[in-house]
Amino acid sequence: MASGIEVFTPVSHTLFDPAEIISKNGGRPPLTYQSFIAIAGEPPEPVLEEYSELPPVGDTGEYELLPVPTVEELGYGDISQEEIPPFRGGETEALRRMKESLQDKEWVVKFEKPKGDPSAFLKPATTVLSPYLKFGCLSSRYFYHCIQDVYRSVRNYTKPPVSLTGQLLWRDFFYTVSFGTPNFDQMKGNKICKQIPWSENEELFVAWRDGRTGYPWIDAIMIQLRKWGWMHHLARHSVACFLTRGDLFIHWEKGRDVFERLLIDSDWAINNGNWLWLSCSSFFCQYHRIYSPVTFGKKYDPNGNYIRHFIPVLKDMPREYIYEPWTAPLSIQKKAKCIIGKDYPKPVVDHETASKECRKRMGEAYALNRLDSNSSKGKPSNLSRRKMSHGDQDASNSSIAKLLKTSRSE
DNA sequence: ACGTCGTTGTACAA
DNA sequence: TTGTACAACGACGT
């Protein structure tokens, strides 16, 4: 540490080599975490290198060295009045943050990803090391082995996929599948992606993007995204489910674009992979499991402190109405200085009816996908494939019930 | 052909 | 706090 500069990061951006895993699997990327783990095995040891000085800038060839672009040049307006996100960049900060997280050994060895609290924002429930991994400030292999060191010092610790090391393996899983899947970042031409007739509704999409859906839990998350560039993974799940298969039935690619732009940890493979997951387009298919935009947040944060912080107009709404302010009597709304429909929007959809409709549409889309894959299996020619163009009224209307019945037996 | 299982659902019961 | 119905998908292994 003395005068030398320790550089931990350049060792490797991933634990494994995606190409190697795909070739071990017969040229196809593993599509489940379990099969990925079985093929991958143990990650190699990290190589720590020490340099006495920063490496020189290499030959830039024909390229001109330009100054660092300004915030404005990167497409952002006046940010002087913005809430400052609580995260700082750089390798030093990454290592400090990692050490701080790993110091709490009990927390490390009991870590189970699905059990975190998405409403925790003063002290996030996860490490918030994803931005540092994304920018190469922290080596995945180094982090992995530091966690292993903690595991070695105790009797019991959680295991993948839910454990802390499990999260790094998920990262490699998405790198591997995305590497081996043509058109991974879109629905069309993507073999592992369910073809779903998402609806186009710019108004609903904009309401979601700008945190004006009328569901405080959803809107608070989208506002945290805009202000901090980070939110808890279960919060991401809530809003991703709401946009796609849960309520609005809008294309996951639209949500993906918003996340890609606003998240400080947005990573091409992981972001697309998770949108495929949450929209039930790939990896995950239990589309009847829908997050409630009302009760999901409530179970972690019944008082709505998270909502009150990110949506100040709702800060005086009584606890019993904070997740459903449109149900508050007008007298209460007046007292809280927040009239629904004026100071804060009414819900853009009714969750009960919208989610029911989404389930139905997902069922129909899945049936058509089954039919399509079955018929192309028997006769791989393009002629036998059912056309799903907009002109095909027959497939999109009356015959769906028939398709639902027959698709399994064909 | 069939059974098992899947990182992260909800509402209600006991 | 833990268990169950709900209604049910598809990758994978046998």
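Note that this is a predicted model, so its numbers are computed, not measured. Per chain, numbering begins at 1; letters A, B, ... match sequence-line order. Because only heavy atoms are used, hydrogens play no part in the values below, and waters and symmetry mates are left out as well, while side chains stay in.
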Does the plane of the ring in A/Trp208 sit parallel, tilted or perpendicular to the ring in A/Phe259? Use 30° and 60° as the thresholds.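 Parallel, since the angle between the ring planes stays under 30°.
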Reading DNA chain C from 5' onward, which residue's closest nucleotide shows up sooner: A/Arg289 or A/Tyr366?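 So the residue in question is A/Arg289.
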Tell me, which pairs form a salt bridge (charged side-chain N to carboxylate O under 4.0 Å, His left out) where one or both residues lie in residues 277-299 of chain A, sequence neighbours left out?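 Every salt bridge (charged side-chain N to carboxylate O under 4.0 Å, His left out) pair that includes a residue of residues 277-299 of chain A, provided the two are not neighbours, is A/Lys298-A/Glu324.
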Quick check on the 6.0 Å ring-centre criterion: do A/Trp252 and A/Trp277 meet it?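 They do not qualify: ring centres at least 6.0 Å apart.
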Check: A/Phe310 ring centroid to A/Phe121 ring centroid under 6.0 Å: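 Yes; A/Phe121 has its ring centre under 6.0 Å from that of A/Phe310.
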Can you check the [X] [atom1] to [N] [atom2] distance for me, whole Å?
| X | N | atom1 | atom2 | value |
| --- | --- | --- | --- | --- |
| A/Lys360 | C/dC9 | NZ | P | 16 Å |
| A/Tyr287 | C/dA8 | OH | P | 6 Å |
| A/Gln34 | C/dA11 | CD | C1' | 10 Å |
| A/Ile37 | C/dA11 | CD1 | C1' | 16 Å |
| A/Asp372 | C/dG10 | CG | C1' | 16 Å |
| A/Trp277 | C/dG10 | CH2 | C1' | 13 Å |
| A/Glu364 | C/dA8 | CD | P | 12 Å |
| A/Lys191 | C/dG10 | NZ | C1' | 18 Å |

C1' gap between B/dT7 and C/dA5, integer Å: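 It comes out at 23 Å once rounded to the nearest Å.
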Which value, in whole Å, describes the distance between the P atoms of nucleotides B/dC5 and C/dA7?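 The same atom, P, in both gives a distance of 23 Å.
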Using side chain to side chain contact (heavy atoms under 4.5 Å, CB included) as the criterion, list what pairs up with A/Glu352, not counting sequence neighbours.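 Here the qualifying residues are A/Asp350.
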When all nucleic acid strands are considered with a 4.0 Å heavy-atom cut-off, which category describes [X]: base, sugar-phosphate, or nothing?
| X | result |
| --- | --- |
| A/Lys298 | nothing |
| A/Phe296 | sugar-phosphate |
| A/Gln167 | base |
| A/Lys159 | nothing |
| A/Thr295 | sugar-phosphate |

Tell me whether A/Arg359 is salt-bridged to A/Glu364, with the criterion being a basic N under 4.0 Å from an acidic carboxylate O.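 Salt bridge absent between A/Arg359 and A/Glu364.
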Donor-acceptor contacts under 3.5 Å from residues 101-108 of chain A side chains, at least two apart:
unit_1	atom_1	unit_2	atom_2	d
A/Ser101	OG	A/Arg97	O	3.3
A/Asp104	OD1	A/Trp107	N	3.3
A/Glu106	OE2	A/Lys110	NZ	3.1

With a 3.5 Å cut-off and no angle check, do the side chains of A/Asp247 and A/His351 form a donor-acceptor pair?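 Side-chain D/A pair, A/Asp247 to A/His351: present.
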Nucleotide-level pairing of DNA chain B, given in dot-bracket where Watson-Crick and G-U pairs need both distances under 3.5 Å and | marks other strands: ||||||..||||||
Check every nucleotide of DNA chain B for an atom under 4.0 Å from a heavy-atom of chain A, then give the first and the last such nucleotide from 5' to 3'.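 The contacted stretch runs from B/dG6 to B/dA11.
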Sequence neighbours excluded and cut-off under 3.5 Å, please list the side-chain donor-acceptor pairs for residues 149-157 of chain A, or say none.
unit_1	atom_1	unit_2	atom_2	d
A/Asp149	OD1	A/Arg152	NH2	2.7
A/Ser153	OG	A/Val150	O	2.7

Report yes or no: is the cationic atom of A/Lys194 (NZ for Lys, CZ for Arg) under 6.0 Å from the centre of the six-membered ring of A/Tyr366, at an angle within 45° of the ring normal?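 Because its charged atom sits under 6.0 Å from the ring centre and within 45° of the axis, A/Lys194 does stack over A/Tyr366.
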